[in-house]
Amino acid sequence: MSNLRDHQSVVIDKFMGLWARGSKEETPMDHFQDCINVLAGTGQSFGTRPGIGISQDVAVPLEDIRRIYNYPTQTGNTLIVLAYDQGADEGSIYHMVNATTVFGPLLTIEGMTDFAFIPIAGRAYISPFSTFVVGGLNVEKGLEDEFLYVYAGDGTPARKAAGVPLTGNMTIANGAAGFTDPGLHIFAFVSETISGFLAEPGLMETFTTAASSSVSFGSVSASGDPNVTKRHLVATKVLPTFNGDLTGYQFFFVPNATINNNTDLFLNNISFFDADLLDDASHLFDNFSEIPAGAVLSIYHNRLVLATTFDDISLILVSAQGEPEAISEIDGLLVYPPDGNPVTNAQELRDILYAFKRSKTVSFTDNGDVPSSWPLVTVDTALGTCVHGIATVLDSGSSSIDYLIIATYQGLSLFNGRFITPELSWKIEDYWKALDRDDFRYIQIVNAPIQKWIIMVLPTRMVLVGNYSLGMDPMKIRWFPWSFEIGFNTVAIFNIDEIILGGEL
Amino acid sequence: MGFNGELVHLGVVRMRAIGSGNLLTDAHSLDDASNSSVLPDIPLLAATNREPTILANFIDQRIQLEIRTTEIDEWFEISKIVMFVRPIATGYPQ
Amino acid sequence: MGTYQVDICVSVGTKTGEWEGENTGADAELIAGINNQVIDAVLLKGGKLHIASPSAVGTWLIRFGFDQNSDIISLDGAPHISYNNLPAGFGILADAVLTIGSRGSVTTGGSSLKLQSGPLTESAALPFVGGIGANGYVFALPVFPVPTMLDIINDGFGIETTYTGATDFSAFYFARITGTYTTFAFSWDMSQDGENAAVGELITITSEFSIDPANSMDLTHVTLSMACGIIVPIIQTTDLFTFLVPDSCDDAGLQTLTATGDGTQFSGSVALGTLTILLTNASGIYTLVPGKRQDTYYSSHRDGTTVDIKIPDPTGRTGFVGG
């Protein structure tokens with residue numbers, strides 16, 4: 001220790017970020033009692049934070065940005081953006097392909113102040129939601145009389161997911177020489193959209209087939225939905241008796257009996273035996289023809305998960321595997337025990353689906369059977385999270401591999417099946433707890449592993465950065481709050497390590 | 001180094017800093033309103049072999065250093081701060 | 001209209017020779033000497049300033065300065081106020097004089113008063129216009145260009161005295177600048193609340209010149225300006241001046257709106273007031289750029305142009321040493 005005129009030296013050569021815990025004189029010398037707009041530098045130095053630049057190089061940039069998600073398409077990494085016009089109370093969704101190309105608005109909905117999003121196979125599934133005050137509590141739930149939408153990623157407007165059955169009256173007659181099991185069958189057609197959704201059977205008619213004849217169909221209505229690309233023939237096996245209920249029997253897809261367009265009105269000379277009918281189609285009767293909007297979208301075991309509709313804030317809808325728009329109204333439901341609080345988030349981790357409310361966490365495990373049979377296990381009865389409170393990793397849109405980073409009322413925590421304490425935000429506990437819990441819906445978090453940063457937008461619309469280059473550990477993480485001339489509402493990562501912020505004045 | 005509420009004299013502050021513009025420094029007590037002092041600015045260079053040293057001459061029982069820049073295009077990176085202190089009195093007059 | 005008096009110097013500028021106050025050559029004594037407002041002080045050395053060695057042959061110079069924040073201006077005999085607290089629309093007329101008291105063998109013949117036009121540059125010797133009391137000498141300020149009050153405050157004045165003989169001696173005190181001022185009435189309005197304006201916002205200045213020409217500002221004979229940009233009038237009549245906040249003022253912060261007279265009603269500049277110009281609509285999508293030293297925002301025009309703003313005061317406060 002060097003002296004200078006009998007003065008002893010106090011050396012600070014580690015700058016461990018903000019300390020906001022206890023009184024200000026408790027701040028360790030290697031932390032800041034207060035700091036703003038600085039960041040850990042190389043090694044253990046600190047310095048000025050990086051500045052921001054504009055992201056759009058266009059004559060009229062998007063404004064009043066409320067939400068941005070990273071949207072991986074078949075051809076590249078893009079952004080999907082919600083701009084909210086407060087004067088008109090309208091939210092509009094845009095697809096920002098790059099700095100100079102924006103598609104949209106893809107969808108404009110009155111009252112849409114936020115939206116849930118999940119990309120599947122290059123398509124974007126979008127669910128509009130907003131915040132409602134229910135019994136003094138801010139509840140994020142799907143908009144009333146609104147639905148899940150699907151966007152193809154090509155600039156065409158988003159459309160409602162799922163779809164309605166074909167309607168009309170088709171004609172059936174014996175066709176050319178062929179074969180069937182003779183007897184009474186019920187025939188119908190199932191439409192298929194470009195996104196692979198199979199509607200429930202429509203155009204149902206009975207017909208008695210002959211053993212040595214094929215069957216021909218006429219006046220097969222085209223669907224009014226321009227997104228329908230195919231119509232599949234479905235049929236029952238021979239019915240020994242018929243009680244008049246066209247939907248009361250099991251339907252099967254007839255092999256090689258598809259109209260591969262939405263324009264032809266006929267399908268001729270179809271032959272089949274009952275033994276060929278293996279692929280069940282009856283489950284399609286139970287599916288939603290239009291899926292209600294929710295506040296939560298996620299993926300679990302290749303199934304779309306949607307939660308918190310306007311009418312039921314404790315209900316979680318789960319699709320069939322590989323069919324994100326096929327959600328059974330009967331057994332595609334998970335019920336989170338109702339307690340007056342909405343489901344706020346859902347995320348898969350290590351093969352388990354975790355579902356969160358603001359101060360509770362439960363899990364569901366796929367047992368191989370329908371979702372309504374999955375067992376529920378309570379994980380934590382005190383900690384949960386908010387609608388955007390789980391960090392997304394890089395630009396994949398999904399959360400971390402073997403742990404989740406979750407914003408709870410207690411702090412920002414690591415979660416590996418249970419909430420790990422002390423939480424990552426332990427050093428700034430007072431700062432965290434000063435955030436308004438009623439505004440936690442404004443929190444959005446990304447994990448940028450290249451920079452080793454956790455970046456959050458806060459209810460104060462400032463940004464909080466946690467540098468974990470010294471370790472993802474409550475004692476080693478370094479916290480730095482940042483401020484800007486405008487308030488930021490949302491954060492995303494683009495092209496691996498480009499950090500995007502969206503805001504409004 | 002342990003203190004027990006003595007009045008401490010901050011004589012000199014030295015730091016290893018690079019950047020551009022002027023680094024403004026202040027010394028504060030626990031209560032800014034009652035005792036706070038503007039210290040000399042430190043002109044910043046992007047590369048330097050020198051660690052600027054500024055005279056502080058600030059006295060209080062608890063002393064905190066504030067470092068900032070205030071103009072556009074200014075920036076800094078600091079890897080070390082050394083505060084030279086010495087207790088000079090047992091406390092304030094009662 | 002009324003009278004003003006600036007009579008408190010606050011600083012000593014450059015000087016040549018060994019000037020001395022009551023006892024020493026310290027600046028505080030020199031300032032006390034020149035500020036001494038007792039015109040008929042008897043003692044030569046009391047409350048004045050003079051060259052320490054009366055036998056020093058040569059031309060000796062000393063400059064004095066004012067500042068905008070100190071209370072040095074008295075209006076109509078009232079307690080002194082600072083330049084920054086002068087009423088909006090304040091302007092001095094072309095009758096300003098600089099008066100100084102002088103005792104000694106070298107008075108008007110060998111001494112001259114000079115007005116500063118900048119901290120290091122003086123005007124020609126001011127014309128002597130007459131005496132005041134037993135030892136006061138009055139010098140007129142330059143008629144052209146007529147200095148504004150801001151010029152006087154920023155530039156100060158100087159004394160130059162020439163000793164040609166061993167017994168030459170002079171002492172100076174009682175410095176004051178006096179004259180007549182007027183305050184031109186006007187009012188202004190912005191469409192936005194408070195004092196915050198935005199690029200493109202309409203600012204309206206109004207006057208009652210057509211009703212009360214003696215006391216109101218004639219808006220046809222002024223040019224308005226702000227440091228952040230050129231103001232182009234949309235309407236300019238005797239009673240109405242409107243303009244839009246120019247593009248270059250986006251997020252310019254606190255700005256002083258100044259009216260410069262063309263000499264018809266008044267000359268020089270008067271401050272009309274201040275407004276704060278903010279970045280009004282910079283919403284959009286931004287990217288964090290490593291190594292960037294400022295923040296760049298979309299301009300409020302939303303036309304693809306941008307504005308650079310400083311990163312808001314990066315600051316760190318350490319823990320506490322001691323205790």
Side-chain angles (χ1 to χ4, degrees), chain A residues 10 12 15 18-19 24-39 46-65 68 79 81 83 96 99 451 455 463 482-490 492 494 497-505, chain C residues 191-201 228 245 247-255 276-323:
Chain A
V10 174
I12 308 172
F15 300 93
L18 179 67
W19 182 278
K24 54 184 181 179
E25 58 186 306
E26 295 178 48
T27 307
M29 286 306 295
D30 59 353
H31 285 73
F32 293 113
Q33 181 263 314
D34 193 11
C35 64
I36 190 76
N37 292 323
V38 292
L39 182 67
F46 82 103
T48 311
R49 69 155 170 82
I52 54 171
I54 60 170
S55 200
Q56 285 190 279
D57 187 13
V58 295
V60 184
L62 296 175
E63 55 184 348
D64 299 327
I65 307 301
I68 300 176
L79 298 173
V81 180
M96 183 173 147
Q451 295 93 327
I455 309 135
V463 171
W482 292 353
S483 67
F484 300 85
E485 288 289 322
I486 67 172
F488 284 116
N489 297 323
T490 182
F494 190 53
D497 61 354
E498 190 178 329
I499 294 161
I500 301 292
L501 295 162
E504 57 188 344
L505 197 68
Chain C
S191 55
Q192 204 174 41
D193 293 333
E195 294 175 351
N196 294 338
V199 165
E201 186 163 338
C228 62
V245 177
D247 295 1
S248 56
C249 291
D250 203 358
D251 197 47
L254 191 66
Q255 295 286 303
T276 303
I277 304 174
L278 301 177
L279 196 63
T280 49
N281 183 9
S283 69
I285 303 172
Y286 292 89
T287 302
L288 211 59
V289 180
K292 196 166 186 298
R293 303 305 182 194
Q294 70 286 127
D295 289 339
T296 300
Y297 293 90
Y298 298 104
S299 152
S300 305
H301 287 292
R302 315 300 303 179
D303 60 357
T305 57
T306 61
V307 58
D308 287 345
I309 308 281
K310 70 171 181 176
I311 294 172
D313 293 5
T315 303
R317 283 199 177 196
T318 66
F320 287 86
V321 171

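Naming convention: chains lettered A, B, ... in sequence-line order (proteins, then strands); numbering from 1 in each chain. The shown structure was predicted, so the numbers you read here are calculated from the model rather than taken from an experiment.
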Chemist: Which one, A:Met29, A:Arg49, A:Met96, A:Gln451, leads in non-hydrogen pairs under 4.5 Å with chain C?
Modeler: A:Arg49

Chemist: Search all heavy atoms of C:Gly304 against all heavy atoms of A:Pro61 and return the closest pair with its distance.
Modeler: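 That closest heavy-atom pairing would be N-CD, 4.4 Å.
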
Chemist: Roughly how far, to the nearest 0.5 Å, is the CD atom of A:Glu485 from the OG1 atom of C:Thr296?
Modeler: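 Atom-to-atom, C:Thr296:OG1 and A:Glu485:CD are 12.0 Å apart.
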
Chemist: Answer yes or no: is there a donor N or O on one side and an acceptor on the other, between the side chain of C:Ser283 and the main chain of A:Glu504, under 3.5 Å?
Modeler: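 Checked: no pair found.
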
Chemist: Output, in order, the C-alpha distance, side-chain angles, deciding distance and verdict of side-chain contact (heavy atoms from CB on, under 4.5 Å) for C:Tyr298 and A:Gln56.
Modeler: CA-CA 9 Å; C:Tyr298 298 104; A:Gln56 285 190 279; 3.5 Å; yes

Chemist: Is the backbone of A:Ile500 close enough, under 3.5 Å, to the side chain of C:Tyr286 for a donor and an acceptor to pair up by distance?
Modeler: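 Absent.
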
Chemist: Examine whether an atom of C:Asp308 lies under 4.5 Å from a heavy atom of chain A, and if so say whether it belongs to the side chain, the backbone or both; otherwise answer neither.
Modeler: neither

Chemist: What part of C:Pro312 lies closer than 4.5 angstrom to a heavy atom of chain A: side chain, backbone, both or neither?
Modeler: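 Interface part for C:Pro312: both.
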
Chemist: Considering only heavy atoms and a distance below 4.5 Å, find which of A:Ile36, A:Asp30, A:Leu18, A:Thr490 pairs most often with chain C.
Modeler: A:Ile36

Chemist: Just so I know, are the side chains of C:Ile311 and A:Thr48 near enough to count as touching, which here means a heavy-atom distance under 4.5 Å?
Modeler: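 Side-chain contact under 4.5 Å: yes.
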
Chemist: Does any heavy atom of chain A fall under 4.5 Å from the side chain of C:Thr318, the backbone, both, or neither of them?
Modeler: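 Both backbone and side chain of C:Thr318 come within 4.5 Å of chain A.
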
Chemist: What part of C:Ile309 gets closer than 4.5 Å to chain A, counting heavy atoms only: side chain, backbone, both or neither?
Modeler: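 Only the side chain of C:Ile309 comes within 4.5 Å of chain A.
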
Chemist: Could you have a look at C:Pro290, C:Pro314, C:Gly316 and say which one has the most heavy-atom pairs with chain A under 4.5 angstrom?
Modeler: C:Pro314

Chemist: Check each atom of A:Glu498 against the heavy atoms of chain C and say whether the ones under 4.5 Å are side chain, backbone, both or neither.
Modeler: side chain

Chemist: Which answer fits A:Trp482, side chain, backbone, both or neither, if we ask what part of it has an atom under 4.5 Å from a heavy atom of chain C?
Modeler: side chain

Chemist: Looking only at non-hydrogen atoms, find the nearest pair between A:Gly53 and C:Lys292 and report the distance.
Modeler: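 The pair with the smallest heavy-atom distance is CA-CE, 4.2 Å.
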
Chemist: With side chains defined as the heavy atoms from C-beta onward, is the minimum distance between C:Asp313 and A:Asn37 less than 4.5 Å?
Modeler: no

Chemist: Do the side chain of C:Arg302 and the main chain of A:Leu62 share a donor and acceptor less than 3.5 angstrom apart?
Modeler: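 Answer holds: yes.
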
Chemist: Of all of A:Ile499, A:Leu79, A:Thr27, which one pairs up most often with chain C through heavy atoms under 4.5 Å apart?
Modeler: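 Looking at each option in turn, the highest pair count goes to A:Ile499.
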
Chemist: Does A:Pro50 reach the side chain of C:Val289, with side-chain heavy atoms less than 4.5 Å apart?
Modeler: no

Chemist: Is chain C contacted by the side chain of A:Ile12, its backbone, both, or neither, given a heavy-atom distance below 4.5 Å?
Modeler: side chain

Chemist: Answer yes or no: is there a side-chain heavy-atom contact under 4.5 Å between C:Asp295 and A:Phe484?
Modeler: yes

Chemist: Would you mind reporting whether C:Ile285 and A:Val81 have side-chain heavy atoms less than 4.5 Å apart?
Modeler: yes

